[in-house]
Amino acid sequence: MKLADRTIQNLTIPCMRKVRIGEIEQPFVLLTANRTRRSDYQRNILRENYPFFTFEFMEEGRGVVEIDNHAYEVKSGDVYILPALRTHHLYTFPDNPWIKSYFVTYGKLVEHLLAAYGLAGNFHFPNCDPEVCRTIFSGIREHFQSAPPDINEKCALLTHRLISYLAGQCLSGTRLSIPVLEIKYYIDRNLYQRLRLKDISKTLGFSVRHIIHLFKTETGQTPYDYLLEKRIRLAENLLKNSDMTVSEIAALLHFTDQYHFSRIFKTRTGTAPSVYRKHFSG
């Protein structure tokens, strides 16, 4: 179904709590937490460059989550993360509408935790333990409703627990061979170098064709896609935390020029580098 064929509502998060002066500077701020009703299935939600991180746990039903140009079919037992500053489109199936728990956060802690646990770029986590997820999501929802003075600290710990659990889920479902781990390690330690597949081939002793086939079979992406993903994450960090110009970042990460870098960055993140930096500069 094409986007133009859908009934779209641009919705803001309901029941968002009022944030105290100075609180927005904290690394983690809980903005809302709730549980949907079955009648919500009629909603199609589209958010462009949404500034917050959203975590959702599917308790019942089925639906589709689109993040930029990637679509994920979600079902009961799945958890998914809607990353900040991306385009999100969510809709469920009328014959099996979803019921889900969710919470919305602001601040740098979530992004840092996802990077630390190796989950940057991972958005869909199928077949999670329902008891673990219900405990965490209901705990955050209860804190939101009671609004204790240390609400952000309590919910940050629960969010950390959730991210740690999701990372464990990824590890338990992933079995990478030694050659693929070697390829990833080679790329990771040469992100600031001009990389070519034949360099990896020469270093590791595999043909270029074998490297591409093996890496894509086990990870679902080509070595080049993996390299771009890593460099875009580096670029995001440099845009937020350095005074380097877009042109300097493009040169540092070995893009052809700043226009090539800007095009790739917007394709991967849904926003231009200058817009991304402006958001974080306040």
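The structure presented is a predicted model; accordingly, all values stated were derived computationally and were not measured. Along the sequence shown, the residues carry numbers beginning at 1.
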Problem - Min side-chain heavy-atom separation I45-R47 under 4.5 Å - result: yes

Handout entry: Stepwise side chain to side chain contact (heavy atoms under 4.5 Å, CB included) check, D78 with C128
Key = CA-CA 6 Å; D78 291 4; C128 295; over 6 Å; no

Exercise for the section: Compare all side-chain heavy atoms of R233 with those of E236 and state whether any distance is below 4.5 angstrom. Expected result: yes

Exercise for the section: Identify the heavy atoms of R35 and Y102 that sit nearest to each other, and give their distance. Expected result: N-CE2, 4.3 Å

Practice task
Indicate, with yes or no, if F265 and Y224 share a hydrophobic cluster defined by side-chain heavy-atom contacts under 4.5 Å among Ile, Leu, Val, Met, Phe, Trp and Tyr.
Solution key: yes

Handout entry: Salt bridge present between E111 and K240 (N-O < 4.0 angstrom)
Key = yes

Problem - Atom of A33, atom of F144 and distance for their closest heavy-atom approach - result: O-CD2, 3.4 Å

Exercise for the section: Look only at the side chain of Y72 and the backbone of Y80, and say whether a donor-acceptor pair between them is shorter than 3.5 Å. Expected result: no

Exercise for the section: Might you work through the side chain to side chain contact (heavy atoms under 4.5 Å, CB included) test for R277 and I249, ending with a clear yes or no? Expected result: CA-CA 12 Å; R277 166 169 275 169; I249 293 173; 4.2 Å; yes

Problem - Minimum side-chain heavy-atom gap F57-R134 below 4.5 Å - result: yes

Fill in the blank from the handout: Taking every heavy atom of Q26 against every heavy atom of N152, the minimum-distance pair comes out as OE1-ND2, 3.4 Å

Handout entry: CA sep, side-chain torsions, deciding dist, call: Y226, D188, side chain to side chain donor-acceptor pair (under 3.5 Å)
Key = CA-CA 9 Å; Y226 178 76; D188 288 347; 2.8 Å; yes

Handout entry: Considering all heavy atoms, the nearest S262-V246 contact
Key = OG-CG1, 4.0 Å

Problem - Aromatic contact, Y259 with F261 (centres under 6.0 Å) - result: no

Exercise for the section: Compute whether any side-chain donor of one residue and acceptor of the other, for E59 and S101, lie under 3.5 angstrom apart. Expected result: yes

Problem - Any donor-acceptor N/O pair, N237 side chain to L234 backbone, under 3.5 Å - result: no

Problem - Flag, side chain of H210 to backbone of F206, donor-acceptor distance under 3.5 Å - result: no

Practice task
Answer yes or no: is there a donor N or O on one side and an acceptor on the other, between the side chain of T203 and the main chain of I200, under 3.5 Å?
Solution key: no

Problem - Interatomic distance, F93 atom CZ to R62 atom CZ [nearest 0.5 angstrom] - result: 4.5 Å

Handout entry: Expected output: side-chain D68 to main-chain T87 donor-acceptor under 3.5 Å
Key = yes

Problem - Interatomic distance, F123 atom CZ to F55 atom CZ [nearest 0.5 angstrom] - result: 11.0 Å

Practice task
Spell out, yes or no, whether Y185 and L228 are grouped together once hydrophobic residues are joined by side-chain heavy atoms under 4.5 Å, including indirect joins.
Solution key: no

Exercise for the section: Answer yes or no: is there a donor N or O on one side and an acceptor on the other, between the side chain of H254 and the main chain of L195, under 3.5 Å? Expected result: no

Practice task
Indicate whether any N or O donor in one side chain lies under 3.5 Å from an N or O acceptor in the other, for H160 and Y117.
Solution key: yes

Problem - Donor on one side chain, acceptor on other, E218 and S177, under 3.5 Å - result: yes

Problem - Main-chain N/O of T245 paired to E248 side chain as donor or acceptor, under 3.5 Å - result: yes

Fill in the blank from the handout: What one should report as the nearest heavy-atom pair of T92 and P97 is OG1-CA, 3.6 Å

Problem - Summary of salt bridge (Lys or Arg N to Asp or Glu O under 4.0 Å) pairs that have at least one residue in residues 254-276, sequence neighbours excluded - result: D225-R268

Handout entry: V65 vs H124 side-chain heavy atoms within contact, under 4.5 Å
Key = no

Practice task
Decide yes or no for L90 and H88: does some side-chain heavy atom of the first lie under 4.5 Å from some side-chain heavy atom of the second?
Solution key: yes

Exercise for the section: Nearest 0.5 Å please: distance from the CG atom of L30 over to the CZ atom of R141. Expected result: 12.0 Å

Problem - Heavy-atom side-chain proximity of H112 to P27 below 4.5 angstrom - result: no

Exercise for the section: Compare all side-chain heavy atoms of I232 with those of I264 and state whether any distance is below 4.5 angstrom. Expected result: yes

Exercise for the section: Find out whether F53 and L85 are in side-chain contact, i.e. whether some heavy atom of one side chain is under 4.5 Å from a heavy atom of the other. Expected result: no

Problem - Spacing of L214 atom CG and T219 atom OG1 [to the nearest 0.5 Å] - result: 9.0 Å

Problem - F28 atom CZ: more than 12 heavy-atom contacts under 6.0 Å - result: yes

Problem - From I211 atom CD1 to Y186 atom OH, the distance as rounded to the nearest 0.5 Å - result: 9.5 Å

Practice task
May I ask you to decide whether E48 forms a salt bridge with R86, counting only side-chain N to carboxylate O separations under 4.0 Å?
Solution key: no

Practice task
Verify whether the ring centers belonging to H89 and Y91 lie closer than 6.0 Å.
Solution key: yes

Practice task
Write down the atom of P223, the atom of L197, and the distance for their closest heavy-atom approach.
Solution key: CB-CD2, 4.0 Å

Exercise for the section: Is it possible for you to say whether I99 and M58 belong to one hydrophobic cluster, with membership spreading through side-chain heavy-atom contacts below 4.5 Å? Expected result: no

Problem - Common cluster, L157/I151, ILVMFWY with side-chain heavy-atom separation under 4.5 Å - result: no

Handout entry: More than 12 heavy atoms from other groups under 6.0 Å of NE2 on H260
Key = yes

Handout entry: Test item: Q169 side-chain N/O and N127 main-chain N/O as donor-acceptor pair under 3.5 Å
Key = yes

Problem - same_hphob_cluster(Y50, V275) at 4.5 Å side-chain heavy-atom cutoff - result: no

Exercise for the section: List the steps, then state whether side chain to side chain contact (heavy atoms under 4.5 Å, CB included) holds for V64 with V74. Expected result: CA-CA 6 Å; V64 173; V74 294; over 6 Å; no

Handout entry: More than 12 heavy atoms from other groups under 6.0 Å of CZ on R209
Key = no

Exercise for the section: Give, for atom CZ of F103 and atom CG of L31, the distance between the pair rounded to the nearest 0.5 Å. Expected result: 11.5 Å

Exercise for the section: Apply side chain to side chain contact (heavy atoms under 4.5 Å, CB included) to F137 and L158, showing your working. Expected result: CA-CA 8 Å; F137 278 83; L158 286 170; over 6 Å; no

